[in-house]
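Following: one structure in structure tokens, then a few remarks.
Along the sequence shown, the residues carry numbers beginning at 1.
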Amino acid sequence: MSDILIRLLREEDWEEVVTLEERAYAASGLSEGEAALRSRHRASPSTCFVLEHAGGIGGYLLALPYPLLRCPDLGLAEEGAREARNLHLHDLVIAEQARGRGLGRRMQQRLEETGRTLRHETLSLVSVQGSRELWSRLGYRARPEVGLPASYGTDALYMTKPLVSSGTPAATADGTPVGTLPGPPRS
């Protein structure tokens, strides 16, 4: 897989990212549009990536610091960066022609590495379109007690995963933060 590169999202990537997002979510009513997507990137450009594959964008991942047990509303743009020990994986899409090669897992691993480097304690996401089992296999645990904005639909589920740094758990198995990691908080 030497033709694969995961790198930070750049301005010239937006047309392909928006096209991938629409293909993935429009039919289910979950597409949020370019303005909202760009607002998530502006909130945390160091945690948003694209997957270069076969001469184009084969996928993207948008993540941003967000308070644990909360998530962005799909219908609202972010108003700015937030300080949080939790890194919310807002969106991960792999193009149809690039699926089945473990590329989503590789992008998620890149996010974990970045989250540890930035001293986040947990990862969170909202599982949609029947993806709960996939996220469970990647170490995320369901948090059904968390209420979600209506924009996610009725089958959405909030999930969390602790990040581990230097052999010390940063959160309990259910995603509850314990203590703090050394260094300044991520802003």
Side-chain angles (χ1 to χ4, degrees), residues 9 17-18 20-51 59-95 99 103-112 114-116 118 120-163 170-177 186:
L9 175 65
V17 166
V18 169
L20 285 171
E21 192 268 355
E22 288 172 350
R23 285 182 186 153
Y25 298 117
S28 62
L30 297 174
S31 182
E32 55 192 314
E34 185 172 352
L37 294 171
R38 282 179 175 268
S39 76
R40 315 237 191 267
H41 177 254
R42 278 192 307 274
S44 186
S46 65
T47 59
C48 296
F49 306 98
V50 295
L51 173 78
Y60 71 90
L61 183 153
L62 302 178
L64 64 160
Y66 220 82
L68 187 63
L69 307 180
R70 294 184 50 211
C71 63
D73 188 313
L74 296 179
L76 302 174
E78 293 303 312
E79 295 183 11
R82 299 174 184 256
E83 287 193 30
R85 292 287 199 184
N86 179 62
L87 185 57
H88 186 75
L89 193 173
H90 179 71
D91 202 1
L92 172 60
V93 172
I94 301 296
R99 292 181 187 161
L103 300 175
R105 180 182 300 264
R106 284 180 60 183
M107 291 192 77
Q108 200 273 337
Q109 288 169 339
R110 171 72 180 268
L111 181 64
E112 285 187 26
T114 301
R116 285 186 196 96
L118 297 173
H120 289 284
E121 296 174 349
T122 54
L123 293 176
S124 65
L125 58 82
V126 176
S127 166
V128 296
Q129 298 178 320
S131 61
R132 177 183 179 175
E133 291 306 314
L134 165 73
W135 295 116
S136 293
R137 287 192 303 272
L138 292 174
Y140 288 84
R141 298 294 164 249
R143 300 296 302 264
E145 76 277 13
V146 176
L148 298 173
S151 58
Y152 287 94
T154 58
D155 293 329
L157 178 68
Y158 189 88
M159 302 179 82
T160 61
K161 177 180 183 171
L163 286 177
T172 63
D174 71 354
T176 305
R186 163 80 169 110

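Partners of Q108 according to the side-chain hydrogen bond (donor to acceptor under 3.5 Å, both in side chains) rule, which considers only residues two or more places apart in sequence or in another chain, are E112, Y140. Shown here are the ring-ring contact (aromatic ring centres under 6.0 Å, His included) partners of Y60, two or more places apart in sequence or in another chain: there are none. Every side-chain hydrogen bond (donor to acceptor under 3.5 Å, both in side chains) that S28 has, sequence neighbours left out, goes to Q129. Residues that satisfy the side-chain contact (heavy atoms from CB on, under 4.5 Å) test with S39, not counting sequence neighbours, are R42, A77, E78. Residues satisfying the side-chain contact (heavy atoms from CB on, under 4.5 Å) criterion with R110, sequence neighbours excluded, are I6, F49, E113, T114.
Residue pairs satisfying the ring-ring contact (aromatic ring centres under 6.0 Å, His included) criterion with at least one member in residues 21-41, sequence neighbours excluded, are listed as follows: W14-H41. Note on residues 22-37: pairs passing salt bridge (charged side-chain N to carboxylate O under 4.0 Å, His left out), not counting sequence neighbours, are E32-R40, E34-R38. The salt bridge (charged side-chain N to carboxylate O under 4.0 Å, His left out) analysis of residues 126-138, with sequence neighbours excluded, yields no pairs.
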For residues 144-152, please give each side-chain donor-acceptor pair under 3.5 Å, one per line with the distance, not counting sequence neighbours.
residue, atom, partner, partner atom, Å
E145, OE2, R143, NE, 2.8
E145, OE2, R143, NH2, 2.8
S151, OG, D73, OD1, 2.9
S151, OG, L74, N, 3.0
Y152, OH, P72, O, 2.6

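Counting heavy atoms from C-beta outward, R82 and S44 have side chains that stay 4.5 Å or more apart. The shortest side-chain heavy-atom distance between V93 and D91 falls under the 4.5 Å cut-off.
For the atom pair OG1 of T160 and CG of L69, the computed distance is 7.5 Å after rounding to the nearest 0.5 Å. To the nearest 0.5 Å, atoms OG1 (T47) and NE2 (H120) are separated by 6.5 Å. Atom NE2 of residue H90 and atom CG of residue L61 lie 10.5 Å apart, to the nearest 0.5 angstrom. Once rounded to the nearest 0.5 Å, the distance linking CZ of R141 with OG1 of T122 reads 14.5 Å.
Looking at R99, its side chain does come within 3.5 Å of a backbone N or O of I94 through a donor-acceptor pair.
In terms of heavy atoms, S46 sits closest to L118 at OG-CD1, 3.9 Å. Between S124 and N86, the closest heavy-atom pair is OG-ND2, 2.8 Å. Shown here for G104 and L92, the closest heavy-atom pair between the two residues is O-CD2, 3.8 Å. Among all heavy-atom pairs drawn from H88 and C71, the shortest one is CE1-CB, 3.6 Å. For the pair L37 and E21, the tightest heavy-atom approach, listed with the atom from each and the gap, is CD1-CG, 3.7 Å. Closest non-hydrogen pair, C48 versus A63, comes out as SG-O, 3.6 Å.
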